[in-house]
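Heads up: the structure comes next, in structure tokens.
Note on naming: letters A, B, ... go to the chains in the order of the sequence lines (proteins, then strands), and numbering restarts at 1 for each one.
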Amino acid sequence: MQLPVTDPVIVIVGPSAVGKTCLSIELAKRFSAEIISLDSRYLYRGMDIGTAKPTPAEMQGIPHHLIDIAEPDETLSLPLIQQQVASAIAEIKHRGNIPFMVGGTGQYVWGVIEGWLPPTAKPNKELRDILEKTAADVGAAAMHGYVALLDPEAAKKIEPNNVRRSVRALEVIFSTGELFSEQKRKDPPRHDFKIIGLQRSRQELYQRVDQRIEQMIAGGLLQETQNLLQSGYHSDLPSMTAIGYKEITQYLQKEISLEESVRLMKRRTRTFIRHQANWFKQSDERIRWFEMFPQVLTEVTAFISSNDGWTRNR
RNA sequence: GCCGAGAUAGCUCAGUUGGUAGAGCACACGGCUGAAAACCGUGGUGUCGCCAGUUCGAUUCUGGCUCUCGGCA
């Protein structure tokens, strides 16, 4: 199907368990599209069941990008994601296909669409370790105090208790000699974006989550987690803080019961869904929202084909 | 049937030496610029089981009733 713009990129967002994966694959078949995942947990190899990653069978031959691109002990960052997305878009267009960016990680979605240019200071492990150690000694408030001293603007935007953000601000200030607050630049990529939001009632999402988690347990999440642990991937890795792996690890290490671990998984996923709603707001005029009713595929197909809803970064 | 314990927020419970109440969880909401399923923050919840009595005033004390959970028969 032809679209009425020269450089289309379709974006599909929505909370966990809303049904993004399934719908986007159906849509991709209709539009000769390829899917670029913007999901921070699909990046890691070997983390399939707990992340509800689409299986090759579910993909139905639609090419997927940014899935399984890293080992669980790699730490990926927004600029890397942005680069990968840019090159995937270029390849897809080169093949004459349409890029569909699909995902629920707000930082990635807006970072890509708005073209965030994070501070130039790369994460500096040594410096970060020192700062974290200092934070542990002097406390969060004192750390925030240092930020306030060096960069009052930045300090205003960081909560006094948020050690992680204070540490990053100091890291940037120390390694660039520039203020953290002055390094928030944007350079939006020049595509025609159309952003589709998928929604369901909270109640329905919660039910789907509960069900999905039961299926994960039945489908081998324990074994998958065991495999990751045996490969030496432990709970201090960012990847292993993902919902499910963290709780199952606690169970496998006999810290909590399986029942408790499932309960915590469900709870944390619900909180996660609520927090996603902060990134993808009903009131955001860039997003066209669709309720996941049976006719949603038809509706979204019509919307994508239409002249409506294009935003062009210029 | 008898004995005991209990009945307070959606749930588990704390509490008021009598002046109509509070934690955790749940739920709702917010922030986020090189870790983001991370990290950090905000909020309201109620005929204190029912009916009487004592009292200026009872969720709190007393009596009865209802229900729940133990134990004994």
In this structure, how many angstroms lie between the [atom2] atom of [N] and the [atom1] atom of [X], rounded?
X: A:Lys246; N: B:A38; atom1: NZ; atom2: P; value: 8 Å
X: A:Gln276; N: B:C29; atom1: CD; atom2: C1'; value: 16 Å
X: A:Leu78; N: B:A36; atom1: CG; atom2: C1'; value: 10 Å
X: A:Arg164; N: B:G31; atom1: CZ; atom2: C1'; value: 14 Å
X: A:Leu170; N: B:G34; atom1: CG; atom2: C1'; value: 16 Å
X: A:Tyr44; N: B:A38; atom1: OH; atom2: C1'; value: 10 Å
X: A:Tyr42; N: B:A38; atom1: OH; atom2: C1'; value: 18 Å
X: A:Asn278; N: B:A36; atom1: CG; atom2: C1'; value: 13 Å

Under 4.0 Å between a Lys/Arg side-chain N and an Asp/Glu carboxylate O for [X] and [Y]?
X: A:Arg200; Y: A:Glu291; answer: no
X: A:Glu91; Y: A:Arg95; answer: yes
X: A:Glu260; Y: A:Lys254; answer: no
X: A:Lys194; Y: A:Asp308; answer: no
X: A:Asp129; Y: A:Lys125; answer: yes
X: A:Glu114; Y: A:Arg286; answer: yes
X: A:Asp210; Y: A:Arg270; answer: yes
X: A:Glu214; Y: A:Lys266; answer: yes

Can you check the distance between [N] and [M], where both ends of the measurement are the [atom1] atom (answer in whole Å)?
N: B:G10; M: B:G31; atom1: P; answer: 29 Å
N: B:C50; M: B:G44; atom1: P; answer: 25 Å
N: B:U60; M: B:G6; atom1: C1'; answer: 16 Å
N: B:G64; M: B:C3; atom1: P; answer: 11 Å

On the nucleotide [N], are OP1 or OP2 found under 4.0 Å from the side-chain N or O atoms that [X] carries?
X: A:Arg263; N: B:C25; result: no
X: A:Arg168; N: B:G34; result: yes
X: A:Lys281; N: B:G30; result: yes
X: A:Lys157; N: B:G30; result: no
X: A:Arg267; N: B:A26; result: yes

Keeping the roles fixed (side chain from A:Glu34, backbone from A:Ile92), state whether a donor-acceptor pair exists under 3.5 Å.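 No.
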Base, sugar-phosphate, or nothing: which does [X] touch, judged by heavy atoms less than 4.0 Å apart?
X: A:Tyr245; result: nothing
X: A:Ser239; result: nothing
X: A:Leu76; result: sugar-phosphate
X: A:Gly50; result: base

For RNA chain B, determine which residues of residues 199-208 of chain A have any heavy atom closer than 4.0 angstrom to one of its atoms, and list them numerically.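 Result for residues 199-208 of chain A: A:Arg202, A:Tyr206, sorted by number.
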Within the sub-3.5 Å range, which N or O atoms of nucleotides 41-44 of chain B have a protein N or O partner, and how far apart are they?
residue : atom : partner  : partner atom : Å
B:G41   : OP1  : A:Asn161 : ND2          : 2.7

Do you know the tightest heavy-atom contact between A:Arg41 and A:Lys53?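 Scanning both residues completely, I find the closest heavy atoms to be O-CE, 4.5 Å.
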Heavy atoms from other residues, nucleotides or ligands near CD of A:Glu259 exceed 12 (cutoff 6.0 Å):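 No, because the 6.0 Å sphere around CD of A:Glu259 holds 12 heavy atoms or fewer from other groups.
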Does A:Arg165 get its side chain close enough to the base of B:A36, under 3.5 Å, for a donor-acceptor pair?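 Side chain to base: no pair below 3.5 Å.
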Is it the case that the base of B:A35 and the side chain of A:Glu132 share a donor-acceptor contact (distance under 3.5 Å, atom types as modelled)?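 By the distance-only test, yes, there is a pair.
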In dot-bracket notation, what is the pairing pattern of RNA chain B, taking Watson-Crick (N1-N3 plus N6-O4 or O6-N4) and G-U wobble (N1-O2 and O6-N3) contacts under 3.5 Å, with [ ] crossing and | for other strands? (((((((..((((.....[..)))).(((((.......))))).....(((((..]....)))))))))))).
How far does CG of A:Asp68 sit from OH of A:Tyr44, to the nearest 0.5 angstrom?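 The distance works out to 12.0 Å.
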So, taking the atom named OG1 in A:Thr105 and the one named CD in A:Gln276, what distance separates them when rounded to the nearest 0.5 Å?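 Between A:Thr105 OG1 and A:Gln276 CD, I get 7.5 Å after rounding to 0.5 Å.
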Minimum-distance nucleotide to A:Tyr108 side chain [options: B:A38, B:A35, B:A36]: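 Nearest to the side chain of A:Tyr108 among the choices is B:A36.
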